[in-house]
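Below: the structure, in structure tokens.
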Amino acid sequence: MGKEITVRESDVVKAADQDMDAFVKVFVDAIRQVAWPLTAETMALLNTSQLTLIAYDILRDEVMDGGFVQLIHNGYGPFFFLNPFAKMMKMWGLQDLGKLMFSAQKLYKKYHTEIEKDCSDEEFMALFERYPAFDDLDDEFVENEEVWTESIARYVDEHIDEFAKVEK
């Protein structure tokens, strides 16, 4: 079983009063305190829900910053596309995000070897031109990120005990 993650009730209430991003961040930060950086050893400390939440946070940061090409180049491809992340998103009620991830997985399988190679900054920037198939997926993620993050926040709120123990 995973290691117990705790959050303070006052932090959860304060974050919930701010916005969905702050609410999710309370749980992500608490999980990261226990299991960061992610390694086989630290991932073993987390349950499936905690690991999925951290994965969503990584996905959002990477794709919002540099799209799926950046996500893959930075070594996260196997984490997302060789694990059931897309299936978990569908189980959490994020059907469209799950579908997007399955589409990205097809492109990952086709192009990952080239995208994952070490390269200069200039060569990295050229990857975006060489793999325009990711552009529509990047755009779809950016256009829907707010709605998806809100759905993630709602899922966490409705299943709070899967993510952390809330202490007074």
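We use all heavy atoms of the structure for the numbers below, so side chains are in, but hydrogens, waters and symmetry mates are not.
When atom types are taken as modelled, the side chain of Gln50 and the backbone of Phe163 share a donor-acceptor pair closer than 3.5 angstrom. For the pair Glu116 (side chain) and His73 (backbone), a donor-acceptor distance under 3.5 Å is absent. No donor-acceptor pair closer than 3.5 Å links the side chain of Asp11 to the backbone N or O of Val26. Side chain of Asn83 to backbone of Phe85: no donor-acceptor contact under 3.5 angstrom is found. Judged by distance alone, with hydrogens and angles left aside, the side-chain atoms of Thr42 form a donor-acceptor pair with the main-chain N or O of Pro37 at under 3.5 Å.
The aromatic rings of Phe141 and Tyr56 lie tilted to each other, with the angle between the two planes from 30° to 60°. Ring geometry for His159 against Tyr155 counts as parallel: the plane angle stays under 30°, on a 0 to 90° scale with 60° as the upper cut. Ring orientation note: the planes of Phe81 and Phe68 are tilted relative to one another, at an angle of 30° to 60°.
In this structure, Asp17 places its CG atom where more than 12 heavy-atom neighbours from other residues, nucleotides or ligands lie under 6.0 Å away.
Side-chain atoms of Asn144 and Leu97, non-hydrogen and from C-beta on, never get closer than 4.5 Å to each other. In this structure the side chain of Asp139 never reaches within 4.5 angstrom of the side chain of Val142, judged on heavy atoms. No side-chain heavy atom of Met20 sits less than 4.5 Å from a side-chain heavy atom of Arg154. Taking the side chain as every heavy atom from C-beta outward, Phe80 and Gln105 never approach each other to under 4.5 Å. Side-chain atoms of Leu51 and Phe79, non-hydrogen and from C-beta on, do get closer than 4.5 Å to each other. Taking 4.5 Å as the limit, every side-chain heavy atom of Asp135 sits out of range of all side-chain heavy atoms of Phe128. Put simply, the side chain of Phe134 reaches to within 4.5 Å of the side chain of Ile72, judged on heavy atoms.
When all heavy atoms are compared, the tightest approach of Leu137 to Ala104 is CD1-CA, 3.6 Å. Shortest non-hydrogen contact noted between Ala15 and Ala22 is CB-O, 3.4 Å.
In this structure, the separation between CG on Asp121 and CE on Met125 is 8.5 Å, given to the nearest 0.5 Å. The CE atom of Met43 sits 10.5 Å away from the CH2 atom of Trp36 when rounded to the nearest 0.5 Å. Rounding to the nearest 0.5 Å gives a distance of 9.0 Å between CH2 of Trp148 and CD of Glu143. Rounding to the nearest 0.5 Å places CG of Leu53 at 10.0 Å from CD1 of Ile58. Atom CE of Met101 is separated from atom NZ of Lys90 by 12.0 Å, given to the nearest 0.5 angstrom. Atom CG of Leu38 and atom CG of Leu46 lie 7.0 Å apart (nearest 0.5 Å).
No single ILVMFWY cluster, assembled from side-chain heavy atoms under 4.5 Å apart, contains both Phe102 and Tyr76. Both Leu127 and Met64 belong to a common hydrophobic cluster when Ile, Leu, Val, Met, Phe, Trp and Tyr are linked at side-chain heavy-atom distances under 4.5 angstrom. Val13 and Val28 are assigned to two separate hydrophobic clusters, defined by single-linkage of ILVMFWY side chains at heavy-atom distances under 4.5 Å.
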Determine, stepwise, if the pair Thr52 / Met91 fulfils side chain to side chain contact (heavy atoms under 4.5 Å, CB included). CA-CA 11 Å; Thr52 301; Met91 289 175 60; over 6 Å; no
Intermediate values then yes/no, side chain to side chain contact (heavy atoms under 4.5 Å, CB included), Asp21 and Arg60: CA-CA 11 Å; Asp21 291 322; Arg60 184 174 63 174; 2.9 Å; yes
Does the salt bridge (charged side-chain N to carboxylate O under 4.0 Å, His left out) test come out yes or no for Glu114 and Arg130, once each step is laid out? CA-CA 10 Å; Glu114 189 66 27; Arg130 287 183 45 209; 3.2 Å; yes
Decide yes or no on side chain to side chain contact (heavy atoms under 4.5 Å, CB included) for Ile5 and Phe27, but give the supporting numbers first. CA-CA 9 Å; Ile5 309 287; Phe27 293 90; over 6 Å; no
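Each of Lys25, Arg32, Glu62 was compared with Asp57 under the side chain to side chain contact (heavy atoms under 4.5 Å, CB included) criterion, and only Arg32 meets it.
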